[in-house]
Amino acid sequence: MTKKNLGKMFSQFEETWTPKICGQVNDTLIKVAKFEDEFIWHSHAEEDEMFFVVSGRLRMELRDQPSIILNAGEFLVVPKGVEHKPVAETPTEVMLVEPSKTLNTGAETNERTVAGLDII
């Protein structure tokens, strides 16, 4: 068992939209990522996904629903099958909790897909 510090983990990388694995609970990964600007519309057919804003502000756009604003200290669980697009108008640090098989782009595979995540 090793304690972890989110601030130290975020200081280890600069790239955005590239989650890093920082822990695991059974088949669920805990990831950290830096967001800035817009991601892509996507969904996860089989997995729920949790976004916890550590710093900054995240707007979660949802297809056919009002957007949800998350400030530091707030989190949102996006249920499986819900199409969503994260938007960070300023640099934002996020902790993600999701099944180990979850790809950041959902069913789509494109230039934004990050497979084989780094562990920090």
Side-chain angles (χ1 to χ4, degrees):
M1 290 185 290
T2 305
K3 70 178 183 176
K4 306 246 178 154
N5 181 285
L6 285 173
K8 287 181 182 177
M9 285 186 276
F10 282 112
S11 71
Q12 295 180 35
F13 64 98
E14 294 298 322
E15 64 267 30
T16 58
W17 304 110
T18 308
K20 311 291 184 198
I21 298 169
C22 63
Q24 184 168 355
V25 178
N26 300 315
D27 291 331
T28 301
L29 294 179
I30 302 167
K31 304 174 185 177
V32 291
K34 293 182 179 184
F35 293 176
E36 191 168 10
D37 298 320
E38 296 185 3
F39 198 55
I40 61 168
W41 283 104
H42 67 286
S43 65
H44 306 276
E46 303 284 325
E47 309 97 25
D48 297 338
E49 186 175 30
M50 187 186 102
F51 295 81
F52 176 85
V53 176
V54 175
S55 70
R57 182 174 184 222
L58 180 66
R59 182 177 75 241
M60 187 62 70
E61 294 187 1
L62 304 165
R63 194 71 83 186
D64 302 323
Q65 298 179 50
S67 296
I68 298 173
I69 302 295
L70 300 170
N71 294 300
E74 298 178 325
F75 72 90
L76 175 69
V77 175
V78 178
K80 62 184 171 189
V82 173
E83 195 171 15
H84 58 287
K85 178 173 78 168
V87 178
E89 296 168 357
T90 61
T92 300
E93 296 176 332
V94 177
M95 182 171 60
L96 303 158
V97 178
E98 54 198 13
S100 58
K101 65 180 181 176
T102 303
L103 275 179
N104 65 323
T105 54
E108 298 292 321
T109 302
N110 57 40
E111 69 280 353
R112 304 292 297 267
T113 303
V114 181
L117 302 179
D118 293 336
I119 299 172
I120 59 172

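The structure presented is a predicted model; accordingly, all values stated were derived computationally and were not measured.
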Handout entry: Heavy atoms of other groups near E46 CD, more than 12 under 6.0 Å
Key = no

Handout entry: M60 vs H84 side-chain heavy atoms within contact, under 4.5 Å
Key = yes

Handout entry: Shortest non-hydrogen contact from D48 toward P99
Key = O-CD, 3.5 Å

Problem - Non-hydrogen atoms of S55 and A72 that approach each other most closely - result: CA-CB, 4.1 Å

Completion exercise
Cluster membership besides I69, Ile/Leu/Val/Met/Phe/Trp/Tyr side chains within less than 4.5 angstrom, sorted by chain and number, is none

Exercise for the section: Identify whether I68 and L96 are in the same connected component of the hydrophobic contact network (ILVMFWY, side-chain heavy atoms under 4.5 Å). Expected result: yes

Handout entry: From CD1 (I40) to CG (N104), nearest 0.5 Å
Key = 7.5 Å

Practice task
Using a strict cut-off of less than 4.0 Å between a Lys/Arg side-chain nitrogen and an Asp/Glu carboxylate oxygen, indicate whether E15 and K20 qualify as a salt bridge.
Solution key: yes

Handout entry: Remaining members of the apolar cluster that contains F52, side-chain heavy atoms under 4.5 Å
Key = L6, M9, F10, F13, V25, I30, V32, M50, V54, F75, V77, M95, V97, I120

Practice task
Provide the closest heavy-atom pair for W17 versus P86 in the form atom of the first, atom of the second, distance.
Solution key: CH2-O, 3.7 Å

Problem - Separation between NZ of K80 and CD of E47, rounded to the nearest 0.5 Å - result: 9.0 Å

Exercise for the section: Give a yes or no on this: more than 12 heavy atoms of other residues, nucleotides or ligands lie within 6.0 Å of atom CG of N26. Expected result: no

Exercise for the section: Taking the side chain as every heavy atom from C-beta outward, state whether E83 and Q65 have any atom pair closer than 4.5 Å. Expected result: no

Fill in the blank from the handout: Correct closest heavy-atom pair for L58 and V53 would be CB-CG2, 3.8 Å

Fill in the blank from the handout: Distance col, row W41:CH2 vs K85:NZ, nearest 0.5 angstrom, shows 6.0 Å

